[in-house]
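Because only heavy atoms are used, hydrogens play no part in the values below, and waters and symmetry mates are left out as well, while side chains stay in. Just so we're on the same page: letters track the sequence lines, and every chain starts at 1.
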Number of protein chains: 2
Amino acid sequence: MGRSRTRARVTLSDVAAESGVSTITVSRALREPHRVSAPLRERIDAAVEALGYVPNLAAQALASQHTNVIGVLIPSVTNNVFSDLLSAIYDTVSHTRFQIQLANTQYSVSEEEKLVRIFLNQRPAGLVVTGIDQSAACRQLLSEANCPVIQIMETAPDPIDMMVGFSHYDGAARAARHLIEKGYRRIGFIGARMDPRTQRRMEGCLSVLDAFGMLDRDLVSTTEEISSVNLGAAMLGALVDRRPDLDAVFTNNDDLALGALFECQRRAIAVPDALGICGFNDLEMVRASAPSLTSVDTRRGEMGQRAMTMLMDAIEGKRPQKRVVDLSSTVIARQSTARGTRDDPAR
Amino acid sequence: MGRSRTRARVTLSDVAAESGVSTITVSRALREPHRVSAPLRERIDAAVEALGYVPNLAAQALASQHTNVIGVLIPSVTNNVFSDLLSAIYDTVSHTRFQIQLANTQYSVSEEEKLVRIFLNQRPAGLVVTGIDQSAACRQLLSEANCPVIQIMETAPDPIDMMVGFSHYDGAARAARHLIEKGYRRIGFIGARMDPRTQRRMEGCLSVLDAFGMLDRDLVSTTEEISSVNLGAAMLGALVDRRPDLDAVFTNNDDLALGALFECQRRAIAVPDALGICGFNDLEMVRASAPSLTSVDTRRGEMGQRAMTMLMDAIEGKRPQKRVVDLSSTVIARQSTARGTRDDPAR
DNA sequence: ATGAACAATGACAGCGCTATCACTGTCAAG
DNA sequence: CTTGACAGTGATAGCGCTGTCATTGTTCAT
């Protein structure tokens with residue numbers, strides 16, 4: 001196919017020859033400019049520019065025994081929740097010396113452990129892992145790692161190293177309390193995939209319902225299927241068919257909530273008067289719907305940003321005062337739960 | 001913070017010592033097992049297992065002058081369109097020897113060029129770039145690269161190397177024709193961000209309207225802002241305020257389409273009878289809405305899968321018969337454009 | 001004047017692996 | 001019984017960079 005085989009790689013010693021110094025001086029000029037005299041530095045910079053030198057990361061890593069790679073382990077690249085997070089992570093890291101290396105655990109603890117093992121062997125500068133449900137061996141590996149590690153998305157009292165997140169249990173509990181305050185009484189729960197975080201949300205919701213004497217297990221609908229808008233519609237439809245007396249539903253996430261809303265529109269179930277809907281995550285789109293959807297804001301952008309800042313500081317040796325940052329979460333009340341106050345302007 | 005400093009790295013020579021062979025034999029046993037006798041291979045495998053040996057990728061890369069890294073350059077990690085694509089890419093590559101290294105061009109041609117330069121210097125096994133709008137220097141770099149390169153998302157007659165995508169112009173043209181066939185006459189266009197692909201969609205749409213003598217520039221609404229559901233609602237609202245006679249709208253993507261639908265619901269504009277809506281990309285959620293939204297299916301999952309298969313084959317030396325794969329695109333007609341046939345079941 | 005302290009630069013070894021070539025033994029063909 | 005082919009294994013030399021220590025000059029307090 002005529003793909004050219006030749007491509008002269010410019011190495012450090014080419015730059016050194018061009019600027020008439022030793023390789024180590026070029027190396028220093030690039031990494032610790034203040035340790036090299038101004039005239040040399042200028043000559044070297046000019047040579048780098050002229051030759052189009054780009055460092056060989058493999059050689060750097062091998063010689064220095066460390067990299068500028070920050071490994072990020074997330075369960076899914078498709079989920080909207082993680083794309084918001086990722087976008088904040090990339091933004092925070094761009095224009096620093098660090099690079100992101102993303103990996104996908106597919107919600108599997110063993111896959112996660114395997115990936116951690118691979119990552120650690122490449123001596124990353126730092127590691128970001130999702131959640132608190134690592135395998136014992138994985139926790140062990142991470143706590144013995146000689147780089148900072150940060151767990152995101154959740155908080156718990158026993159961080160491996162550092163942590164930025166919020167309590168899914170509490171967030172869902174707030175949502176349940178909100179529905180109760182708004183006057184709903186027969187409150188259902190719809191959940192999909194049922195990974196550990198999803199489960200803790202369910203528990204948070206059900207515990208509040210229980211405390212108010214409103215827990216009705218028959219109004220709880222869960223599935224192992226992957227969450228989607230269509231699934232939300234189907235699950236709400238099935239739940240309403242079985243229990244026409246349902247008067248509100250808390251869904252595990254906003255995709256399900258949106259699906260539930262669509263199904264209500266299709267069946268001419270009045271939201272919020274006949275049925276209240278509360279989602280989770282506060283994705284961009286739930287503010288736009290008609291009626292707009294109440295949801296729990298989980299500040300994923302801030303989470304990504306804080307996590308990367310803490311991690312990069314730790315890599316630089318600046319350990320945080322608090323190892324666990326709890327970002328909390330807030331119910332954003334909108335039209336879908338504004339019972340009897342249909343005219344309220346959204347937010 | 002008591003993070004352990006010690007972590008014995010197991011190297012090839014540890015494995016060699018353990019199994020009583022030379023390092024090169026271990027190296028071969030791992031990479032080309034058939035070139036090593038069965039008994040040795042078993043001893044070596046056992047030693048690898050016992051010691052928990054994990055290869056050092058930096059050393060491998062440095063010594064062999066190539067890596068198993070496939071670089072993937074996409075404009076945005078947040079956009080739903082790219083998350084579908086990414087998910088297919090990760091799935092296709094998992095359980096092969098290749099690893100994905102993702103980078104983010106932020107819709108910037110110069111950022112893309114910079115990233116290509118960095119990638120190429122790390123001698124990737126292959127490279128995936130988005131679209132056909134690289135800078136001249138970037139095209140030059142890529143065509144001189146000594147690894148296969150595949151452009152995705154779009155097709156054009158002059159691939160740098162290989163290509164998998166579809167014509168955005170044609171896809172949008174099909175959408176416009178669909179609206180005309182359905183009897184709409186005052187058809188508007190709503191577009192956001194207006195990157196090159198978005199622009200070609202606009203051109204495809206407008207050229208058809210023009211051919212039918214229906215082009216009205218006053219019904220075209222575009223913005224540089226980032227696309228979102230809320231933006232779609234706002235833009236549709238503004239367009240309808242200005243031109244109440246609008247009877248259909250083609251939006252650049254499904255986020256905008258969904259926003260437009262919500263705005264119609266808010267204003268009690270009957271969709272599809274008073275206003276037809278057609279989106280682009282056929283995201284999962286547009287099938288769920290009420291009414292369901294007509295959209296253009298762009299087969300992103302298949303695109304990601306085909307692209308990675310072609311790329312990996314090319315890396316292995318199996319060049320494809322056709323260098324350009326056009327996946328085409330299809331209008332998926334749903335309720336939002338089913339004028340006068342409101343009762344039609346949605347797909 | 002003297003040496004201590006320090007800034008600026010370089011020589012050299014080696015990170016962990018693989019490419020290359022050399023070596024040994026086995027076996028079939030002549 | 002030689003020869004050549006070949007399968008199986010090893011010795012050696014780097015890949016491109018950085019850590020470490022050595023060397024040179026300069027400045028400053030004594």
For D14(B), the side-chain contact (heavy atoms from CB on, under 4.5 Å) test, sequence neighbours excluded, returns V10(B), T11(B), L51(B)

DNA chain C: first to last nucleotide in contact with chain B (atom under 4.0 angstrom from a heavy atom), 5' to 3', is dG16(C) to dA19(C)

Under a 4.0 Å heavy-atom cutoff, the residues of residues 46-65 of chain A touching DNA chain D are Y53(A), P55(A), N56(A), A59(A), Q60(A), A63(A), S64(A)

With side-chain hydrogen bond (donor to acceptor under 3.5 Å, both in side chains) as the rule and sequence neighbours excluded, what pairs involving residues 27-38 of chain A come up? S27(A)-R31(A)

Starting at the 5' end of nucleotides 5-10 of chain D, put B wherever the base has a protein heavy atom under 4.0 Å, S where only the sugar-phosphate does, and a dash everywhere else. ---SBB

What residues, two or more places apart in sequence or in another chain, satisfy side-chain contact (heavy atoms from CB on, under 4.5 Å) together with A137(B)? E113(B), S135(B)

E32(A) has an atom CD; how far is it from atom P of dT18(D), in whole Å? 10 Å

Applying side chain to side chain donor-acceptor pair (under 3.5 Å) to N80(A) and not counting sequence neighbours gives none

Spatial distance of atom OG (S76(A)) from atom CD1 (I226(A)) [nearest 0.5 Å]: 7.5 Å

Quick one: which residue pairs count as a salt bridge (Lys or Arg N to Asp or Glu O under 4.0 Å) with a foot in residues 82-91 of chain B, not counting sequence neighbours? D84(B)-R300(B)

Output all residues satisfying side chain to side chain donor-acceptor pair (under 3.5 Å) with T309(A), sequence neighbours left out; order by chain, then residue number. Q305(A)

Any pair counted as side-chain hydrogen bond (donor to acceptor under 3.5 Å, both in side chains), so long as it reaches residues 40-65 of chain A, sequence neighbours left out: none

For K322(B), which residues count as a salt bridge (Lys or Arg N to Asp or Glu O under 4.0 Å) partner, sequence neighbours excluded? none

Residues forming a salt bridge (Lys or Arg N to Asp or Glu O under 4.0 Å) with R306(B), sequence neighbours excluded: E302(B)

